[in-house]
*Asks:* 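Following this message is one structure expressed as structure tokens.
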Amino acid sequence: QVHVAESGGGLVQTGGSLRLSCATSGRPLEYFGMAWSRQAPGKEGELVAAITWSGGGTSYADSVKGRFTISKDNAKNTVYLQMNNLKPEDTAIYYCAATWERGRATMNFADYHYWGQGTQVTVSS
């Protein structure tokens with residue numbers, strides 16, 4: 001059984017930064033490609049960043065490109081999402097996800113097999 005758990009959400013002012021963490025258990029992180037998605041009230045879910053098993057390949061949504069950075073530390077079984085220059089429109093529940101298709105930084109929801117419970121990020125104006 002594979003488990004995924006996010007942490008690090010909170011309240012931050014516009015222009016501030018937060019780093020989200022995602023810990024996996026059940027299988028070593030190197031087995032997986034990983035991603036972060038978000039769900040804001042009244043909006044469709046959006047995959048914002050993805051990374052291959054090695055960390056050598058990444059993908060980003062246009063809405064966060066240049067502000068968010070996804071990274072992973074396989075030795076710690078942890079994936080990170082560094083979020084800089086945060087905007088009120090970044091307010092959402094952020095979810096971490098894992099896929100067995102570890103060679104691609106896929107931005108397709110259907111490719112992900114395991115999801116965490118989410119962590120709230122709120123950006124005040």
Side-chain angles (χ1 to χ4, degrees):
Q1 188 76 5
V2 176
H3 293 281
V4 179
E6 308 89 344
S7 62
L11 175 64
V12 64
Q13 291 185 332
T14 297
S17 298
L18 276 177
R19 188 176 79 160
L20 304 182
S21 298
C22 170
T24 64
S25 61
R27 289 289 179 95
L29 185 61
E30 63 190 16
Y31 278 62
F32 302 105
M34 302 293 294
W36 288 94
S37 72
R38 65 187 181 186
Q39 177 81 57
K43 295 185 179 180
E44 290 190 1
E46 176 187 26
L47 273 167
V48 296
I51 190 166
T52 58
W53 73 275
S54 66
T58 57
S59 300
Y60 295 93
D62 288 342
S63 58
V64 306
K65 203 170 291 183
R67 300 187 299 122
F68 290 12
T69 302
I70 187 171
S71 62
K72 67 195 314 252
D73 185 335
N74 287 337
K76 295 183 178 179
N77 283 334
T78 303
V79 180
Y80 304 98
L81 185 68
Q82 178 66 43
M83 305 185 294
N84 297 328
N85 190 22
L86 282 160
K87 305 174 182 180
E89 52 264 42
D90 294 318
T91 295
I93 299 174
Y94 283 73
Y95 299 90
C96 182
T99 176
W100 291 110
E101 297 189 32
R102 65 176 195 162
R104 298 189 296 135
T106 174
M107 298 290 277
N108 184 350
F109 274 102
D111 289 334
Y112 289 88
H113 305 95
Y114 304 101
W115 292 85
Q117 295 297 307
T119 186
Q120 177 70 47
V121 172
T122 303
V123 184
S124 63
S125 56

*Asks:* Measure up the Tyr94 and Phe68 rings against each other and bin them: parallel (under 30°), tilted (30 to 60°), perpendicular (over 60°).
*Replies:* tilted
*Asks:* Quick check: does any side chain N or O of Asn84 sit under 3.5 Å from a backbone N or O of Ser17, one acting as donor and the other as acceptor?
*Replies:* no
*Asks:* Any side-chain heavy-atom pair from Phe32 and Val79 closer than 4.5 angstrom?
*Replies:* no
*Asks:* How long is the straight-line distance from CD of Glu89 back to OG of Ser125, given to the nearest 0.5 Å?
*Replies:* 10.0 Å
*Asks:* Under 4.5 Å between any side-chain heavy atoms of His113 and Val2, yes or no?
*Replies:* no
*Asks:* Determine, stepwise, if the pair Thr106 / Glu101 fulfils side-chain hydrogen bond (donor to acceptor under 3.5 Å, both in side chains).
*Replies:* CA-CA 8 Å; Thr106 174; Glu101 297 189 32; 5.8 Å; no
*Asks:* Within the distance-only criterion (no hydrogens, no angle test), does the side chain of Arg19 pair as donor or acceptor with the backbone N or O of Gly8 below 3.5 angstrom?
*Replies:* no
*Asks:* When you measure from the side chain of Thr119 to the backbone N and O of Glu6, does any donor-acceptor pair fall under 3.5 Å?
*Replies:* no
*Asks:* Just by modelled atom types, is the Ser124 backbone N or O under 3.5 Å from a matching donor or acceptor in the Thr14 side chain?
*Replies:* yes
*Asks:* Can you measure from OG1 (Thr24) to CG (Asn77) and round to the nearest 0.5 angstrom?
*Replies:* 4.0 Å
*Asks:* Considering only NZ, NE, NH1 and NH2 on the basic side and carboxylate oxygens on the acidic side, decide whether Lys65 and Asp62 come within less than 4.0 Å.
*Replies:* yes
*Asks:* So if you build clusters from Ile, Leu, Val, Met, Phe, Trp, Tyr with side-chain heavy-atom gaps below 4.5 Å, do Val64 and Tyr112 land together?
*Replies:* no
*Asks:* Quick check for you: to the nearest 0.5 Å, what is the distance between Ile70 atom CD1 and Lys72 atom NZ?
*Replies:* 9.0 Å
*Asks:* Just so I know, are the side chains of Arg27 and Trp100 near enough to count as touching, which here means a heavy-atom distance under 4.5 Å?
*Replies:* yes
*Asks:* Which value, rounded to the nearest 0.5 Å, describes the distance between Ile93 atom CD1 and Gln39 atom CD?
*Replies:* 7.5 Å
*Asks:* Nearest 0.5 angstrom please: Asn108 CG to Leu47 CG, how far?
*Replies:* 8.0 Å
*Asks:* Parallel, tilted or perpendicular: which describes the rings of Trp115 and Phe109, with under 30° parallel and over 60° perpendicular?
*Replies:* parallel
*Asks:* So Thr91 and Gln120, do their side chains get closer than 4.5 Å, heavy atoms only?
*Replies:* yes
*Asks:* Just one of Ser21, Ser71, Cys22 clears the side-chain contact (heavy atoms from CB on, under 4.5 Å) bar with Thr78, so which one?
*Replies:* Ser21
*Asks:* Is there a path of hydrophobic side-chain contacts, each under 4.5 Å between heavy atoms of I/L/V/M/F/W/Y residues, joining Met107 to Trp53?
*Replies:* no
*Asks:* Counting distance only, does the side-chain N/O of Asn74 pair as donor-acceptor with the main-chain N or O of Ser54 below 3.5 Å?
*Replies:* no
*Asks:* Should we say atom CZ of Arg102 is surrounded by more than 12 heavy atoms from elsewhere, each under 6.0 Å from it?
*Replies:* yes
*Asks:* Looking at Leu20, Asp90, Val123, which hits side-chain contact (heavy atoms from CB on, under 4.5 Å) with Met83?
*Replies:* Leu20
*Asks:* Tell me, do Ser63 and Arg38 make a side-chain contact under 4.5 Å, heavy atoms counted?
*Replies:* yes
*Asks:* Flag yes if more than 12 heavy atoms outside Tyr31 fall under 6.0 Å of its OH atom; otherwise flag no.
*Replies:* no
*Asks:* Is the number of heavy atoms from other residues, nucleotides or ligands under 6.0 Å of Gln117 CD greater than 12?
*Replies:* no
*Asks:* May I ask you to decide if Gln82's main-chain N or O and Thr69's side chain share a donor-acceptor pair within less than 3.5 Å?
*Replies:* no
*Asks:* Is it true that Val121 and Tyr80 fall in one hydrophobic cluster, defined by side-chain heavy atoms closer than 4.5 Å?
*Replies:* no
*Asks:* Applying a strict under-4.5 Å side-chain criterion to I, L, V, M, F, W and Y, I'd like to know whether Val4 and Tyr95 cluster together.
*Replies:* no
*Asks:* Which heavy atom in Gly57 sits nearest to a heavy atom in Ala105, and how many Å separate them?
*Replies:* O-CB, 3.8 Å
